[in-house]
**Student:** 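Dropping the structure in here first, questions after.
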Amino acid sequence: MAEENSRTKKTIPPYMKAISGSLGGIVEASCLQPIDVIKTRLQLDRTGSYKGIVHCGSTIVSNEGVRALWKGLTPFATHLTLKYALRMGSNAVLQSAFKDEETGKISPAGRVMSGFGAGVLEALVIVTPFEVVKIRLQQQRGLSPELLRYKGPVHCARMIVREEGILGLWAGAAPTVMRNGTNQAAMFTAKNAFDTMLWKKHEGDGKVLQPWQSMISGFLAGTAGPICTGPFDVVKTRLMAQNKSGGELKYRGMFHAIATIHAEEGLRALWKGLIPRLMRIPPGQAIMWAVADQITGFYERTYLTNAPL
């Protein structure tokens, strides 16, 4: 019994999961920021100024320079680093709470609830305020810094708090919670399922996936969320982009925004930016999991024996 208890305690601690996720987030942000800028511009385009992904990207480069494709990188990279640290760490803690005390296994429902809880937590603590700042910076157009309303992430955050109050940094919190909760419930469940189906990788078997295997599982796991949560992402972006300095707000909340966008722009508008989301999120998950699995795998090989990843 003592030997069995010692084995069950040899698990990768949540803080290592958090570190692996944060390092993966840094690499992901650096690689995929241009796609996120294009996605945001497409979602904010109400007049059809951009004809598609390529046209949007080329227009940004020609009008604002190549560096404009990395607008908002500082808050985006910081946001991803903190988000993945919180996501991976909290998911590990929640999974521990949902695990069967006798077998040490977690049910599919427990895995879904752990992912959803991690998504809700990251949405409220990290994602919403950072994305508000990022989107306000990304929607600015022009080459002259002195003509831009927001001079940088810190200045942007201060302006929002001064003009709209502290809650202005949490504009669009409701659709963000729905988007992130659903995304993470699907992602963690799908990642585990693809690891099992494709590579015969089971939690607790001590097997460490190769980076390319982690990338394939992560890519596939990252595809379902954007399709299911497209409307929440569009509404989130619209709510975060508007500010009170321009007078009365166009959108009064999540449901009002969905109804207004549907009435004025049609049903398909609720999935604006889906293609660039699919170009960013699945590759982003592939990059993040390739890094995270190697870090947790290194920890397992160095310090543990037969620990669950």
Side-chain angles (χ1 to χ4, degrees), residues 24-25 27-46 48-60 69-73 75-77 79-80 83-84 87 115 119 122-123 126-128 130-132 134-139 172 174-191 215-241 254 257-258 261-262 265-289:
V27 178
E28 176 189 341
S30 301
C31 295
L32 300 179
Q33 174 70 358
I35 299 298
D36 194 70
V37 171
I38 292 171
K39 181 212 74 168
T40 299
R41 291 290 182 89
L42 286 173
Q43 288 182 337
L44 294 173
D45 180 24
R46 301 176 189 170
S49 301
Y50 302 121
K51 310 306 179 185
I53 297 169
V54 176
H55 179 257
C56 180
S58 61
T59 301
I60 292 172
L69 290 173
W70 275 266
K71 275 186 175 180
L73 177 60
F76 186 51
H79 149 244
L80 276 188
K83 178 178 75 173
Y84 282 138
R87 175 191 299 177
E122 72 178 15
I126 302 294
V127 176
T128 302
F130 274 95
E131 288 211 359
V132 167
K134 174 178 70 74
I135 286 171
R136 296 288 180 91
L137 290 172
Q138 287 179 346
Q139 72 176 336
T176 307
V177 163
M178 292 301 298
R179 182 198 67 172
N180 282 60
T182 305
N183 265 338
Q184 298 345 310
M187 189 272 291
F188 280 109
T189 304
K191 175 62 165 59
M215 292 186 76
I216 291 175
S217 293
F219 184 94
L220 294 173
T223 56
I227 296 173
C228 297
T229 62
F232 293 127
D233 194 61
V234 171
V235 168
K236 169 198 72 70
T237 302
R238 297 284 182 93
L239 290 173
M240 289 178 173
M254 179 172 69
I258 291 174
I261 294 170
H262 178 267
E265 304 171 52
L267 182 63
R268 291 180 61 184
L270 290 170
W271 276 268
K272 273 188 174 182
L274 176 61
I275 299 301
R277 278 192 84 203
L278 289 174
M279 290 175 64
R280 187 188 72 77
I281 293 177
Q285 289 302 298
I287 294 168
M288 191 280 294
W289 280 110

**Student:** Are any of the side-chain nitrogens in Lys236 or Glu131 under 4.0 Å away from the carboxylate oxygens of its partner?
**Tutor:**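 Salt bridge between Lys236 and Glu131, a charged N being under 4.0 Å from a carboxylate O: yes.
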
**Student:** Could you list the residues that satisfy side chain to side chain donor-acceptor pair (under 3.5 Å) with Ser217, not counting sequence neighbours?
**Tutor:**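 Scan of Ser217 (side chain to side chain donor-acceptor pair (under 3.5 Å), adjacent residues dropped) gives Asp195, Trp199.
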
**Student:** Quick one: CD1 on Ile261 to CG on Leu267, what's the gap to the nearest 0.5 Å?
**Tutor:** 11.0 Å

**Student:** Could you tell me which non-hydrogen atom of Gly72 sits nearest to which non-hydrogen atom of Lys134, and how far apart they are?
**Tutor:** O-CG, 4.3 Å

**Student:** Rounded to the nearest 0.5 Å, what separates atom CG in Leu239 from atom CD1 in Ile135?
**Tutor:** 9.5 Å

**Student:** Quick one: which of Thr40, Leu32, Leu42 gives a side chain to side chain contact (heavy atoms under 4.5 Å, CB included) with Pro276?
**Tutor:**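 Only one option passes, and that is Leu42.
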
**Student:** Do the side chain of Thr176 and the main chain of Thr128 share a donor and acceptor less than 3.5 angstrom apart?
**Tutor:** no

**Student:** Considering all heavy atoms of both residues, which atom of Leu278 and which atom of Pro226 are nearest to each other, and what is their separation?
**Tutor:** CD2-CB, 3.9 Å

**Student:** Could you check Gln285 against Thr223 for side chain to side chain contact (heavy atoms under 4.5 Å, CB included), going step by step and ending with a plain yes or no?
**Tutor:** CA-CA 9 Å; Gln285 289 302 298; Thr223 56; over 6 Å; no

**Student:** Check whether any side-chain heavy atom of Met240 lies under 4.5 Å from a side-chain heavy atom of Gln139, and answer yes or no.
**Tutor:**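 No. Closest side-chain heavy atoms not under 4.5 Å.
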
**Student:** Please assess Lys191 against Trp289 for the test side chain to side chain contact (heavy atoms under 4.5 Å, CB included), listing each intermediate value before the final yes or no.
**Tutor:** CA-CA 9 Å; Lys191 175 62 165 59; Trp289 280 110; 3.5 Å; yes

**Student:** With rounding to the nearest 0.5 Å, note down the distance linking CG in Leu73 to CD in Gln138.
**Tutor:**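 The CG atom of Leu73 sits 10.0 Å away from the CD atom of Gln138.
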
**Student:** Would you mind reporting whether Val27 and Met288 have side-chain heavy atoms less than 4.5 Å apart?
**Tutor:**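 Counting from C-beta outward, Met288 and Val27 never come under 4.5 Å.
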
**Student:** Applying side chain to side chain contact (heavy atoms under 4.5 Å, CB included), run through Val127 and Arg179 and close with a yes or a no.
**Tutor:** CA-CA 11 Å; Val127 176; Arg179 182 198 67 172; 3.5 Å; yes

**Student:** Out of curiosity, Phe232 CZ to Asn180 CG, how far, rounded to the nearest 0.5 Å?
**Tutor:**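 With rounding to 0.5 Å, CZ (Phe232) is 11.5 Å from CG (Asn180).
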
**Student:** Are Pro282 and Leu220 side-chain neighbours, meaning at least one heavy-atom pair lies under 4.5 Å?
**Tutor:** no

**Student:** Any non-hydrogen side-chain atom of Lys272 less than 4.5 Å from a side-chain atom of Arg238?
**Tutor:** yes

**Student:** Quick one, Lys71 and Leu137 - any side-chain contact, counting heavy atoms below 4.5 Å?
**Tutor:**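 A side-chain contact is absent here, since even the closest heavy-atom pair is not under 4.5 Å.
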
**Student:** Are Ile60 and Arg41 packed together at the side-chain level, in the sense that at least one heavy-atom pair is separated by less than 4.5 angstrom?
**Tutor:**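 Heavy-atom side-chain distance check passes, below 4.5 Å.
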
**Student:** So Cys56 and Val37, do their side chains get closer than 4.5 Å, heavy atoms only?
**Tutor:** no

**Student:** For the backbone of Tyr50 and the side chain of Asp45, can you confirm whether one donor and one acceptor N or O come within less than 3.5 Å of each other?
**Tutor:** yes

**Student:** Using a 3.5 Å distance criterion without hydrogens, assess whether the side chain of Ser58 forms a donor-acceptor pair with backbone atoms of His55.
**Tutor:**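 Yes; judged by distance alone, with no hydrogens or angles, the pair exists.
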
**Student:** For the CD1 atom of Ile281 and the CD1 atom of Ile35, what is their distance to the nearest 0.5 Å?
**Tutor:**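 One gets 11.5 Å once the value is rounded to the nearest 0.5 Å.
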
**Student:** Might you work through the side chain to side chain contact (heavy atoms under 4.5 Å, CB included) test for Thr229 and Arg277, ending with a clear yes or no?
**Tutor:** CA-CA 11 Å; Thr229 62; Arg277 278 192 84 203; 3.5 Å; yes

**Student:** In Å, rounded to the nearest 0.5 Å, how long is the span from OG1 of Thr189 to CE of Met187?
**Tutor:**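 Atom-to-atom, Thr189:OG1 and Met187:CE are 9.0 Å apart.
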
**Student:** Salt bridge or not for Lys83 and Glu122, using N-O below 4.0 Å?
**Tutor:** no

**Student:** Charged N to carboxylate O below 4.0 Å: is that the case for Lys39 and Asp233?
**Tutor:**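 Yes.
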
**Student:** Can you list every pair that meets salt bridge (Lys or Arg N to Asp or Glu O under 4.0 Å) and has a residue in residues 278-288, with sequence neighbours left out?
**Tutor:**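 Those involving residues 278-288 are Glu28-Arg280, Asp36-Arg280.
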
**Student:** If you take all heavy atoms of Ala77 and Ala29, which pair is closest and at what distance?
**Tutor:** CA-CB, 3.7 Å

**Student:** Can you find a heavy atom in the side chain of His262 that is under 4.5 Å from one in the side chain of Glu265?
**Tutor:** no

**Student:** Determine yes or no for a side-chain-to-main-chain donor-acceptor pair under 3.5 angstrom, with Trp271 supplying the side chain and Pro231 the backbone.
**Tutor:** no

